[in-house]
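Below: the structure, in structure tokens.
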There are 2 protein chains.
Amino acid sequence: MSADAQLSARMDPACPMAAFPFHVGGKWTGMVVVALLDGPRRFGHLRQVLGVSSAKVLTETLRDMARDGLLTRTDHQANPPHVTYELTDLGRSLLPVIDAMREWSDQHLADLLAHRQNHSLATESDAAPTPSSPPK
Amino acid sequence: MSADAQLSARMDPACPMAAFPFHVGGKWTGMVVVALLDGPRRFGHLRQVLGVSSAKVLTETLRDMARDGLLTRTDHQANPPHVTYELTDLGRSLLPVIDAMREWSDQHLADLLAHRQNHSLATESDAAPTPSSPPK
DNA sequence: CGGCATCCTATGAGATACTG
DNA sequence: CAGTATCTCATAGGATGCCG
């Protein structure tokens with residue numbers, strides 16, 4: 001399975017960052033890591049795959065990550081411009097943590113969202129029995 | 001080692017969240033989890049241990065966490081007020097992820113900070129040889 | 001194509017003062 | 001003691017337009 005497919009499958013709107021209790025750096029940092037797992041990628045490619053709206057945001061994310069040694073920026077000095085970004089070992093070192101987040105998400109995110117849902121309805125009325133997730 | 005001691009030792013200003021590339025929920029969420037590992041704690045206790053300046057911030061954090069089922073709030077109906085917060089199983093389920101973050105921090109945070117430092121000095125001048133961290 | 005420059009807005013975070 | 005009520009401020013995120 002390609003990293004791009006993983007991205008769509010695991011980090012798509014169905015599992016929104018909004019409810020996700022973990023973040024890596026900025027909003028897009030974690031996704032950039034995943035998107036670069038298969039090798040160098042171009043700016044435009046990242047922009048499409050991540051679905052990042054504004055170019056500015058992606059530029060900032062990538063610059064910060066380069067500054068922190070998480071990836072390298074390669075300007076191929078071509079015209080039209082051709083720039084690629086590639087994960088460093090340090091960048092790849094984030095993967096176990098990201099995977100830990102994903103594993104948590106697989107196992108517990110639905111539970112968290114159920115609690116949140118439940119809470120909106122019955123702020124104090126009854127005991128609000130846990131809607132899903134019987135304790136293992 | 002108590003969770004409180006862990007808190008001071010591992011999440012103190014010497015390892016500031018500012019440079020820490022991971023976050024759990026809000027700024028204080030992760031620390032609340034760690035602070036509650038040893039059992040229920042009172043509002044004031046949390047406020048002291050975490051060093052959270054404003055009561056509002058802690059209140060918000062705790063309310064959000066309760067809403068998400070990460071902890072429970074118990075009002076002991078006493079005067080003066082006595083309220084305790086206790087982790088749920090769901091709240092405890094965050095621990096492996098937090099530990100993964102800490103492990104990453106132990107192994108790579110210094111490296112990241114070195115890169116960051118280096119980058120401020122030589123934005124483009126020379127090749128900026130990696131200051132520390134020979135590849136493994 | 002891969003950016004900057006500019007502007008805008010929502011939100012997080014905190015300070016301070018007050019209350020049951 | 002455990003909050004609530006306001007207010008401020010900084011920053012992240014995003015929209016749009018221009019440039020080499």
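Below, chains carry the letters A, B, ... as their sequence lines are ordered, and counting in each starts from 1. All of these numbers come straight from a predicted model, not from anything done at the bench.
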Q | Rounded distance in Å - OH (B:Tyr85) to P (D:dC1) | A | 14 Å
(Q) Could you tell me how far apart B:Leu50 (CG) and D:dA2 (P) are, to the nearest whole angstrom? (A) 14 Å
Q.
Restricting to non-hydrogen atoms, name the atom on B:His108 and the atom on A:Ser93 that form the minimum distance, rounded to 0.1 Å.
A. NE2-CB, 3.5 Å
Q: For residues A:Pro21 and A:Leu109, report the shortest heavy-atom separation together with the two atoms involved.
A: CD-CD1, 4.3 Å
Q: Run the numbers on B:Leu58 and B:Trp28 for side chain to side chain contact (heavy atoms under 4.5 Å, CB included), then give the verdict.
A: CA-CA 8 Å; B:Leu58 183 56; B:Trp28 303 99; 5.6 Å; no
Q) Could you state the NZ-C1' distance from B:Lys27 to D:dT11, rounded to the nearest angstrom? A) 12 Å
Q) Does some side-chain heavy atom of B:Thr61 sit less than 4.5 Å from a side-chain heavy atom of B:Val32? A) yes
Q: Return the value, rounded to whole Å, for the distance between atom NE2 of B:His76 and atom C1' of D:dG3.
A: 15 Å
(Q) If I take atom CE from residue B:Met65 and atom CG from residue A:Leu112, how far apart are they, to the nearest 0.5 angstrom? (A) 10.0 Å
Q) Going by heavy atoms closer than 4.0 Å, what residues in residues 54-70 of chain A are next to DNA chain D? A) A:Ser54, A:Lys56, A:Val57
**Q.** For the student: nearest non-hydrogen atoms of B:Met31 and B:Lys27, plus distance
**A.** CE-O, 4.0 Å
Q | Whether over 12 other heavy atoms sit under 6.0 Å from A:Gln107 CD | A | yes
Q. What's the CG-P distance between B:Leu46 and D:dA2, to the nearest Å?
A. 9 Å
Q) Does some side-chain heavy atom of A:Leu71 sit less than 4.5 Å from a side-chain heavy atom of A:Val33? A) no
Q | Between D:dG3 (C1') and B:Arg73 (CZ): distance, integer Å | A | 8 Å
Q | B:Arg42 side-chain N/O to D:dA2 phosphate OP1/OP2 under 4.0 Å | A | yes
Q. Taking any atom under 4.0 angstrom from a heavy atom of chain B, which nucleotides of DNA chain C are the first and last to qualify, 5' to 3'?
A. C:dA13 to C:dG20
(Q) Return whichever of A:Ser53 or A:Pro81 has its heavy-atom-nearest nucleotide of DNA chain D closer to the 5' end. (A) A:Ser53
Indicate every side-chain donor-acceptor pair of residues 81-88 of chain B with a distance under 3.5 Å to a residue at least two apart or in another chain.
residue	atom	partner	partner atom	Å
B:His82	ND1	B:Arg42	NE	3.3
B:His82	ND1	B:Arg42	NH1	2.8
B:His82	ND1	B:Arg42	NH2	3.1
B:Thr84	OG1	B:His76	NE2	2.8
B:Tyr85	OH	B:Arg73	NE	3.4
B:Thr88	OG1	B:Gly69	O	2.5
B:Thr88	OG1	B:Leu70	O	3.0
B:Thr88	OG1	B:Leu90	N	3.3
B:Thr88	OG1	B:Gly91	N	3.0

